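Structure first, then comments.
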2 protein chains.
Amino acid sequence: MKKPEEQFLDYLARKRLKNTSQRMTILSAFLRQKAHLSTEEFYLQLRKKHPGIGYATVHRTLKLFAECGIASERNFGDGQMRFEVSLGNEHHDHLVCTSCGQILEFENQQIEQLQVDVAKTHNFIIEDHRLELYGLCSACHSTGQQSVS
Amino acid sequence: MKKPEEQFLDYLARKRLKNTSQRMTILSAFLRQKAHLSTEEFYLQLRKKHPGIGYATVHRTLKLFAECGIASERNFGDGQMRFEVSLGNEHHDHLVCTSCGQILEFENQQIEQLQVDVAKTHNFIIEDHRLELYGLCSACHSTGQQSVS
DNA sequence: CTATAAATTGAAATCCGTTTTCAATATCGT
DNA sequence: ACGATATTGAAAACGGATTTCAATTTATAG
């Protein structure tokens with residue numbers, strides 16, 4: 001498995017794009033982050049340490065990460081695009097807490113297989129898929145908490 | 001099972017909202033439509049027969065349908081909100097063709113059960129979920145068609 | 001059947017996240 | 001170091017969803 005840094009640099013070289021300090025700063029911050037942050041949230045985090053980097057650059061760089069395969073774009077229906085590290089983090093689906101916003105990942109090979117079966121019966125070729133369960137995470141329902149607002 | 005018309009009128013009465021000709025026109029057009037239309041697409045269709053009805057009214061009325069349970073909002077990641085008749089159309093997931101845009105529905109009870117199992121192991125209470133398979137429908141891959149553009 | 005209060009309507013304006021524009025700056029191959 | 005080319009940050013533009021507002025329609029009370 002190639003390292004994300006390497007894969008990104010390869011991609012830049014292949015596309016004749018340039019290696020800039022902003023891109024490297026954003027990459028290392030991105031690889032360090034754990035949560036599924038939106039562009040806005042990520043930008044606000046980054047700005048604390050690197051106030052010089054603009055929102056547009058962050059946005060463009062996250063898109064580059066997605067293009068070169070080290071990140072994947074996610075959309076949990078809240079109107080914000082989110083990015084997660086995908087390289088070295090194999091396919092998984094999500095549990096999204098509607099109370100605290102926490103996003104947990106899970107894998108289930110049986111579900112994956114059943115999806116393939118469904119596709120087969122509809123003569124459909126799967127390119128991608130998404131499965132999200134929305135509800136209350138353990139912490140939120142055990143405290144009786146229903147909402148953060 | 002209550003009829004959609006009835007359920008909508010009950011909802012209006014309960015909320016002290018008014019029964020207008022626009023709302024009834026939109027309701028009957030909505031119940032008649034088969035595809036998973038976006039607000040914009042639905043509005044353009046409707047306008048052919050009912051040019052007097054404005055986009056804002058269509059939008060507001062579709063939201064009312066969702067509130068009262070006869071429609072459900074869907075988001076297939078293309079940045080458009082879509083509505084489908086949900087009353088009398090039990091839970092199902094979707095196959096979305098990335099070439100022609102067609103949206104097929106399917107149900108799979110085994111997948112549903114596995115989702116419940118996953119939730120249980122994470123001590124998570126499911127309120128809702130979404131499963132979408134993206135790829136090429138039968139028609140699109142059998143003709144070798146890869147894109148409509 | 002009015003009169004009146006309240007909800008609705010359509011057009012236009014606003015919102016809000018995403019994406020693009022553009023002039024100044026930085027990078028990279030030579 | 002030079003010159004061509006890509007990148008940057010700020011601000012503008014974009015696109016779909018939502019709200020505003022004055023005019024109109026509906027429902028209720030008299």
Side-chain angles (χ1 to χ4, degrees), chain A residues 8-30 36-68 71-83 101, chain B residues 8-27 29-30 36-68 71-84 101:
Chain A
F8 184 53
L9 292 174
D10 284 0
Y11 182 78
L12 294 182
R14 189 148 38 83
K15 292 272 201 155
R16 305 281 141 82
L17 303 178
K18 291 172 179 171
N19 180 351
T20 67
S21 69
Q22 288 93 332
R23 282 175 177 166
M24 290 307 124
T25 300
I26 294 169
L27 176 58
S28 80
F30 180 66
H36 293 71
L37 299 181
S38 66
T39 308
E40 176 77 11
E41 290 164 348
F42 181 68
Y43 165 68
L44 292 176
Q45 280 290 324
L46 187 75
R47 194 170 67 173
K48 293 177 187 167
K49 297 268 184 174
H50 304 277
I53 300 182
Y55 181 91
T57 300
V58 170
H59 168 261
R60 287 184 287 226
T61 305
L62 289 173
K63 295 237 110 179
L64 274 184
F65 294 166
E67 281 168 31
C68 78
S72 55
E73 288 183 36
R74 296 286 179 177
N75 164 2
F76 296 120
D78 63 351
Q80 305 247 130
M81 183 175 296
R82 290 168 190 280
F83 292 85
Chain B
F8 183 53
L9 291 175
D10 284 0
Y11 182 77
L12 294 182
R14 190 149 36 86
K15 292 272 202 153
R16 303 283 140 83
L17 303 178
K18 290 172 180 172
N19 180 353
T20 68
S21 69
Q22 289 94 332
R23 281 174 178 167
M24 290 307 123
T25 300
I26 294 169
L27 177 57
F30 180 66
H36 293 71
L37 298 181
S38 67
T39 308
E40 176 76 11
E41 290 163 348
F42 180 69
Y43 166 69
L44 291 176
Q45 280 291 325
L46 187 75
R47 195 169 66 171
K48 293 176 187 168
K49 297 269 184 175
H50 304 277
I53 299 182
Y55 181 91
T57 300
V58 170
H59 169 262
R60 287 183 287 226
T61 305
L62 289 173
K63 295 237 109 178
L64 275 183
F65 294 166
E67 283 167 29
C68 78
S72 56
E73 287 183 39
R74 296 285 179 178
N75 164 2
F76 296 120
D78 63 351
Q80 306 246 130
M81 184 174 298
R82 290 169 189 280
F83 290 85
E84 68 181 20

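From a predicted model like this one, the values you see are computed outputs, not experimental measurements. Protein chains get the first letters and strands the later ones, always in sequence-line order, with residue 1 at the start of each.
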Is it true that A:F65 and A:F30 have ring centroids separated by less than 6.0 Å?
yes
Quick check: on DNA chain D, is the nucleotide nearest A:I53 upstream (toward 5') of the one nearest B:D78, or the reverse? Name the residue that is more 5'.
A:I53
For B:Y11, all residues meeting ring pair (Phe, Tyr, Trp, His ring centres under 6.0 Å), sequence neighbours excluded:
none
What are the two closest non-hydrogen atoms of B:T39 and B:F83, and how far apart are they?
OG1-CE1, 3.5 Å
N/O (side chain, B:Y55) to phosphate O (OP1/OP2, D:dA17) under 4.0 Å:
yes
On a heavy-atom basis, the closest approach of A:R82 and A:H36 is NH1-O, 2.8 Å
Between which nucleotides of DNA chain C, 5' to 3', does chain A make heavy-atom contacts below 4.0 Å?
C:dG17 to C:dC28
Which residues pass the side-chain hydrogen bond (donor to acceptor under 3.5 Å, both in side chains) test with A:S28, sequence neighbours left out?
A:R32
Hits for side chain to side chain contact (heavy atoms under 4.5 Å, CB included) against B:Q22, two or more places apart or cross-chain, chain-then-number order -> B:T20, B:I53, B:T57
Through what angle, rounded to 10 degrees, does the axis of the helix from C:dC1-D:dG30 to C:dT30-D:dA1 turn between its ends, using five pairs per end?
30°
Members of residues 15-26 of chain B that approach DNA chain D, where some heavy atom sits under 4.0 Å away
B:K18, B:N19
Identify the heavy atoms of A:G77 and B:N75 that sit nearest to each other, and give their distance.
CA-ND2, 3.7 Å
